[in-house]
Every structure is written in C-alpha cells, then in structure tokens.
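For reference, the structure is listed below as structure tokens.
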Amino acid sequence: QKEVEQNSGPLSVPEGAIASLNCTYSDRGSQSFFWYRQYSGKSPELIMFIYSNGDKEDGRFTAQLNKASQYVSLLIRDSQPSDSATYLCAVPRMTTDSWGKLQFGAGTQVVVTP
Amino acid sequence: KAGVTQTPRYLIKTRGQQVTLSCSPISGHRSVSWYQQTPGQGLQFLFEYFSETQRNKGNFPGRFSGRQFSNSRSEMNVSTLELGDSALYLCASSFGTSTANSPLHFGNGTRLTVT
C-alpha cells in the first residue's frame with residue numbers, strides 16, 4: 001500500500017461545479033496534511049493545510065479531514081478554468097528524529113470545462 | 001519577500017557527467033528539501049537539510065548528494081549521470097524545524113535533461 005494515495009484522474013468538472021478530490025494515507029500517526037496545486041510545467045504551490053478533524057475553508061477551497069478513516073479531501077467550489085491543474089496531497093512522515101520528509105501522492109489532474 | 005530561487009532553470013548534460021544544482025531558500029528559512037519529479041514516479045524525496053546538517057535522506061543512490069551552507073543556501077550534486085536522471089529537480093524551504101507544522105515552499109525547479 002502506498003503511503004499517500006490519490007486518484008490520478010483526469011477529473012473533468014464543468015465550470016461552476018464542485019470538484020471533489022480524495023486522498024488516503026497509511027500512517028495513523030500523521031497529524032497534518034497539505035494540498036498543493038501544480039500547473040503544467042510549474043512547481044507545486046501550497047493552497048491548503050489542515051491539522052484537525054473536520055472542515056477548513058479558505059475562499060473557494062475546503063479541506064476535510066477524517067483521521068479515523070485516514071482520508072483527507074479537497075473541495076473546489078465554483079470551479080473555474082484556471083483551476084485546471086494537478087492537485088497533490090502531502091503528508092509529513094516521521095523519521096528517526098524529526099518530521100522532515102513530506103510524502104506526496106501521485107496527484108489528481110483536474111480539468112475544468114467551460 | 002523573495003521566494004525560493006533555483007539555478008540554473010535548465011540543464012542539458014551527457015551521460016557520465018556530473019551536475020551541481022543550487023537553491024537559495026526564502027529569507028529566514030533554515031530547512032531545505034530536495035525532490036525529484038518525473039512523470040512516472042511523481043515527487044520523490046531526495047534529502048532534507050537543517051542548519052547545515054542532513055536530517056533525512058530518500059532512497060536514491062550515493063551518486064546523489066547535497067549540502068547546506070551556513071547561510072542556508074543548498075546545493076545538490078549528481079555524479080555519473082544516467083539517462084534516468086532526467087527530471088525536474090525541485091528545492092523547497094520551510095521556516096520551522098518540522099514539516100508537520102511548517103509547510104514547504106517550492107522554487108521553480110531545475111529541468112535536467114541527460115542525453
């Protein structure tokens with residue numbers, strides 16, 4: 001089982017609709033979770049992070065965390081063509097003495113169609 | 001505040017050569033991480049440095065090495081290049097001592113092509 005799993009997509013979403021992206025993780029000890037957006041040919045850009053169970057909203061983005069079920073999701077409301085990108089879920093991994101490694105999922109490609 | 005700066009942006013090398021990539025973190029950030037990104041493998045962790053010390057290392061051969069200087073700038077080196085080393089190499093910095101509560105901020109990357 002991969003440490004961080006995402007559906008690769010592409011996820012096709014009509015403009016104005018809600019895009020729903022899911023991420024599952026294997027380490028029950030994980031405490032924080034990050035969502036990055038990566039446009040084609042560009043580097044990843046942090047868009048959300050969440051530490052506590054429940055929902056966290058930031059503009060059109062909502063992150064949802066369920067530690068008991070080991071999944072974190074990202075909702076994009078009122079999707080726009082500019083949201084077309086690959087979304088990466090990332091979870092810190094504890095090593096011998098520090099939380100130094102950020103483990104990334106393979107990413108979900110989102111395509112917003114006008 | 002300036003972001004993470006990586007140089008060069010593009011590199012073309014031939015097999016067997018070596019290459020050095022440079023990264024300047026965001027001012028005040030002391031942790032620097034390096035990742036390799038390829039279409040097939042996604043983002044793979046190379047190593048992480050904090051206060052000039054390598055704290056974590058990924059599963060890459062010894063041909064991949066790095067270091068961090070006292071001003072937090074970092075370099076990574078790949079020796080005896082192979083075709084499979086062609087990738088986007090990303091540097092990221094963070095403010096805190098732990099990625100658990102201090103998000104990574106990525107540079108624009110160095111695109112390495114090995115021929």
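The figures that follow rest on heavy atoms only: side chains count, while hydrogens, waters and symmetry mates do not. Every chain is numbered from 1 and lettered A, B, ... according to where its sequence line falls, protein lines coming before strand lines.
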Between the side chain of B/Y35 and the main-chain N/O of A/F104, is any donor-acceptor distance below 3.5 Å?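 Here the side-chain-to-backbone pair does not exist.
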Any donor-acceptor pair under 3.5 Å from A/S43 side chain to B/G107 backbone: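 Answer holds: yes.
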Would you indicate whether [X], at its atom [atom1], is surrounded by more than 12 heavy atoms from other residues, nucleotides or ligands within a distance under 6.0 Å?
| X | atom1 | value |
| --- | --- | --- |
| B/N59 | CG | no |
| A/R60 | CZ | yes |
| A/F61 | CZ | yes |
| B/F95 | CZ | no |

Sort B/L90 into side chain, backbone, both or neither according to what part of it lies under 4.5 angstrom from a heavy atom of chain A. side chain
Please flag which part of B/Q37 lies under 4.5 Å from any non-hydrogen atom of chain A: side chain, backbone, both or neither.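 For B/Q37, the side chain is the part near chain A, not the backbone.
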Applying the 4.5 Å side-chain criterion to the ILVMFWY set and letting contacts propagate, would [X] and [Y] be lumped into a single cluster?
| X | Y | answer |
| --- | --- | --- |
| B/V32 | B/F60 | yes |
| B/L81 | B/F64 | yes |
| A/V13 | A/I47 | yes |

Euclidean distance, [Y] [atom2] relative to [X] [atom1], rounded to 0.5 Å:
| X | Y | atom1 | atom2 | value |
| --- | --- | --- | --- | --- |
| B/L104 | A/L46 | CG | CG | 9.0 Å |
| A/E45 | B/F106 | CD | CZ | 11.5 Å |
| B/L88 | A/K42 | CG | NZ | 11.5 Å |

Check whether A/Y36 gets within reach of chain B through its side chain, its backbone, both or neither, counting any heavy atom under 4.5 Å. side chain
Note, B/P103 side chain near A/L102 side chain (heavy atom, < 4.5 Å): no
